[in-house]
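See below for the structure under consideration.
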Amino acid sequence: MKIKILAAAALLVFSLSGCGNKLEVRDRAFVQSAGIEYEDEQYEICLKLFEDSKYYNGRGNTFREAVNDAEKMQGKDFFTGHMEIVSVRDEEKMPLLESLVNENVSSGCLVVLCDDPVNYISRNDPEKIKGMISTAERNGTAEKVNICDVINSE
């Protein structure tokens, strides 16, 4: 009788552990930077991953759909929670940045405002962008701001 109770308890523990449907780190690709535009009720994005020289483009009705579209070219689930840089147009910044926060993008992610964010990201390495931001801040020609700073300033 004790063995049956122990077996039932062990079965319960293993079935509730959540190990069956987990996503392994090796099955993910981590997004380092993103250029996002919103036109004609469609998101257009360009993503750069950590430790990957390629850029991935996607389109969708939501930011998540656009990310899922870009994933098709790479074969892994894209994780945006550690993204360092996002580029958006000034006139689109608030709704886009708020949608990123809802997608669990870090509020500490740096924001670059420009006229052509998708092309800006596709033409510039993220490390180069961070260097340009630091130099501009040091020279007093630009201020380093993140998602939280932009949202709180409105």
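These figures come from a predicted structure and were not determined experimentally.
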If I take atom [atom1] from residue [X] and atom [atom2] from residue [Y], how far apart are they, to the nearest 0.5 angstrom?
X	Y	atom1	atom2	value
Met94	Ile151	CE	CD1	5.5 Å
Asn119	Cys46	CG	SG	8.0 Å
Leu97	Cys148	CG	SG	11.0 Å
Ser87	Leu113	OG	CG	7.5 Å
Asp116	Ile121	CG	CD1	10.5 Å
Phe78	Asp69	CZ	CG	10.0 Å

Nearest atoms (heavy-atom pairs only) where [X] meets [Y]:
X	Y	result
Ile45	Ala70	CD1-CB, 4.4 Å
Ile36	Tyr43	CG2-CD2, 3.9 Å
Val145	Asp149	CA-OD2, 3.5 Å

Applying a strict under-4.5 Å side-chain criterion to I, L, V, M, F, W and Y, I'd like to know whether [X] and [Y] cluster together.
X	Y	value
Val88	Val112	no
Leu100	Val150	yes
Ile85	Tyr38	no
Leu47	Val105	yes

Check: Are Phe50 and Phe30 close enough that their ring centres sit under 6.0 Å apart?
Finding: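 Not close enough - the centres of the two rings lie 6.0 Å or further apart.
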
Next item on the list: Please report the C-alpha distance between Tyr120 and Ile129 in whole Å, then the side-chain angles of each, then the deciding distance to 0.1 Å, and finally whether the side chain to side chain contact (heavy atoms under 4.5 Å, CB included) criterion is met.
Entry: CA-CA 10 Å; Tyr120 181 77; Ile129 294 171; 3.7 Å; yes

Tell me if the [atom1] atom of [X] is crowded by more than 12 foreign heavy atoms within 6.0 Å.
X	atom1	result
Asp90	CG	yes
Glu143	CD	no
Met73	CE	no

Checklist line | Side chains of Cys109 and Ile147 in contact at under 4.5 Å (non-hydrogen atoms) | finding: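 Touching, per the 4.5 Å side-chain cut-off.
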
Check: Is Glu65 close to Thr62 at the side-chain level, that is, under 4.5 Å between some pair of heavy atoms?
Finding: yes

Next item on the list: Would you confirm whether Thr80, through its side chain, and Met83, through its main-chain N or O, come within 3.5 Å as a donor-acceptor pair?
Entry: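 A pair under 3.5 Å: no.
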
Note to self: Determine whether a donor-acceptor pair (N or O, by modelled atom type, separation under 3.5 Å) exists between the side chain of Ser106 and the backbone of Gly81.
What the structure shows: no

Notebook entry, point to check: Which is it for Glu84 and Lys130 under the salt bridge (charged side-chain N to carboxylate O under 4.0 Å, His left out) test, yes or no, and what are the steps along the way?
Noted result: CA-CA 9 Å; Glu84 296 178 335; Lys130 290 191 296 187; 2.9 Å; yes

Check: Just by distance, with hydrogens left out, do Glu51 and Gln32 show a side-chain donor and acceptor under 3.5 Å apart?
Finding: no

Next item on the list: Go through the side-chain N and O atoms of Gln42 and Asn61 and say whether any donor and acceptor fall under 3.5 Å apart.
Entry: yes

Next item on the list: Mind running side chain to side chain contact (heavy atoms under 4.5 Å, CB included) on Glu71 and Asn68 for me, showing each step along the way?
Entry: CA-CA 5 Å; Glu71 286 174 346; Asn68 291 345; 3.4 Å; yes

Margin query: Determine whether Val31 and His82 satisfy the following criterion, side chain to side chain contact (heavy atoms under 4.5 Å, CB included), listing intermediate values before the conclusion.
Written below: CA-CA 7 Å; Val31 177; His82 298 305; over 6 Å; no

Checklist line | Lys144/Glu137 under side chain to side chain contact (heavy atoms under 4.5 Å, CB included): CA gap, chis, key distance, verdict | finding: CA-CA 6 Å; Lys144 186 184 287 189; Glu137 182 182 40; 3.5 Å; yes

Margin query: Name the residue from Lys93, Arg59, Arg89 that meets the salt bridge (charged side-chain N to carboxylate O under 4.0 Å, His left out) definition with Glu37.
Written below: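 So, applying the salt bridge (charged side-chain N to carboxylate O under 4.0 Å, His left out) to Glu37 and each of Lys93, Arg59, Arg89, only Arg89 qualifies.
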
